[in-house]
Number of protein chains: 2
Amino acid sequence: MSEPKPTGPAGANLLFLREGEIRAAQDMLFFAYRDFTNAADVILEELGLGRAHHRVLHFVGRNAGMSVGELLSILNITKQSLARVLGALIDDGYIAQAQGRADRRQRLLTLTAKGQDLERRLFERQRERLVKSYREAGSTAVEGFRRVMRGIMNEEARLYIDRAEARTQADRAEARRDPTREG
Amino acid sequence: MSEPKPTGPAGANLLFLREGEIRAAQDMLFFAYRDFTNAADVILEELGLGRAHHRVLHFVGRNAGMSVGELLSILNITKQSLARVLGALIDDGYIAQAQGRADRRQRLLTLTAKGQDLERRLFERQRERLVKSYREAGSTAVEGFRRVMRGIMNEEARLYIDRAEARTQADRAEARRDPTREG
DNA sequence: GAAATTAAGACAGTGTTGTTGACGTAGACG
DNA sequence: CGTCTACGTCAACAACACTGTCTTAATTTC
């Protein structure tokens, strides 16, 4: 129909923009995300928790001391939706709250030891899958994966990723200085 | 702790398997999938449909004449979960059923003209995002993205993707013969 | 210092999408 | 003919998101 021609400006090979390729990407996002999230479900079910709980554990683990508001803006859900899962995690002793010092209205969130243990167990399940895929695909493919994924998400999420990436870069630099440690 | 060393066998550079990289992948899967699926939500909401309906439209569109059982095994949900959304799509005239000729127990699913129109509108929203990302990332990155995504999903899903990919390859071959058409 | 805004929590009600288990019917198949 | 399969349906339930309203405490603003 009114498709952009397969060859774009400067005659670059843009066959990967063909409709079939884009539809394949839809498929892949669905399957990869579904099977990736499924990986941790067995553990969660045993504990009567769901994926929403896992997401909270993940982001609090990655951003120790974050406020409830920050968590809300990362997850992009309503306060009420978060309250249910966060309340359960606090009641069960996975997450601890501390009053903010700079702003005492804030409740700063951290994983307890119990929370760290659970988060690690959940992480290991998903890590298996990702490491296997990354290893088989190789570093060039992984770099491509990152670039495409970054491009798919909203600007806001990209900024968050960049900040998290900065932390990873710092870890890398540190590891180069002291290769025995792993952040 | 008991992390695999950053340098693997043969001293290959496997820094991309470090924990920070894997955690970044978790983040990216969450954000990319969320924002990708969100793209079509506005249209769906106007029609009183949800993402589950979109998924059905997508897969029926991609596999015209598929049976209900095939659709179930692709979506990996229960009959009851599908019945609700599929029933609505049939009632609203987006999807038509036809009795199977080889096996008359089967109900073969196809998009009606109305269904094709809607699916196309939904597709365009998600395509914008994917094309933008693919174009900016370039063909090498896209190839890497594909390899990593394939590796993340279950074997079963990978087999489905391969079959779909075969169709895409056929389209490509045809396009090479007749570059004016787009499958 | 009073007023407005913000961070967080809580209440009640609703909708989508997934689940289980049981049951029925039509058609395929040994 | 009996059994298995494909599909549909009923009832009940659970996870997770939403809306709107309200309260409390603390910060910010005028």
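Chain letters run A, B, ... following the sequence lines, proteins first, then strands; residues in each count from 1. The figures that follow rest on heavy atoms only: side chains count, while hydrogens, waters and symmetry mates do not.
In terms of position on DNA chain D, the residue among L86(B) and G50(A) whose nearest nucleotide sits closer to the 5' end is L86(B).
The CZ atom of F30(B) sits 12 Å away from the C1' atom of dA17(D) (whole-angstrom rounding). Atom CG in L75(B) sits about 16 Å away from atom C1' in dC7(D), given to the nearest Å. To the nearest angstrom, P of dC16(D) lies 16 Å from CZ of R34(B). Regarding R51(B), its CZ atom lies at a distance of 10 Å from the P atom of dA17(D), rounded to whole Å. Atom CG in L44(B) sits roughly 16 Å away from atom P in dC18(D) (whole-Å rounding). The CG atom of L89(B) sits 13 Å away from the P atom of dG8(D) (whole-angstrom rounding). One can place CD1 of I95(B) at 11 Å from P of dG8(D), the figure rounded to the nearest angstrom. Taking atom CG of residue L109(A) and atom P of nucleotide dA7(C), one finds them 14 Å apart after rounding to whole Å.
The closest donor-acceptor contact from the side chain of N154(B) to the backbone of D35(A) lies at 3.5 Å or more, if one exists at all. Panel note: side chain N63(B), backbone G65(B); no donor-acceptor pair is recorded below 3.5 Å. Using a distance-only test at 3.5 Å, with no hydrogens or angles considered, a donor-acceptor pair links the side chain of S73(B) to the main chain of E70(B). In this structure, R150(A) contributes its side chain and D162(A) its backbone to no donor-acceptor pair below 3.5 Å.
For R23(A), the salt bridge (Lys or Arg N to Asp or Glu O under 4.0 Å) partners at least two apart in sequence or on another chain are E19(A), E119(B).
Using a 4.5 Å heavy-atom threshold, the side chains of Q116(B) and R121(B) count as separate.
Regarding contacts with the backbone of dG9(C), a side-chain N or O of Q97(A) is found under 4.0 angstrom from either OP1 or OP2. OP1 or OP2 of dT16(C) has not a single side-chain nitrogen or oxygen of H53(B) nearer than 4.0 Å.
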- Note on the structure: Protein-proximity profile, nucleotides 18-30 of chain C, B/S/- by nucleotide at the 4.0 Å heavy-atom cutoff, equals BBB-----BBS--

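Nucleic acid contact class of E45(A) (heavy atoms, under 4.0 Å, all strands): none.
When the options R146(A), R62(A), R158(A) are evaluated for a salt bridge (Lys or Arg N to Asp or Glu O under 4.0 Å) with D27(B), the one that passes is R62(A).
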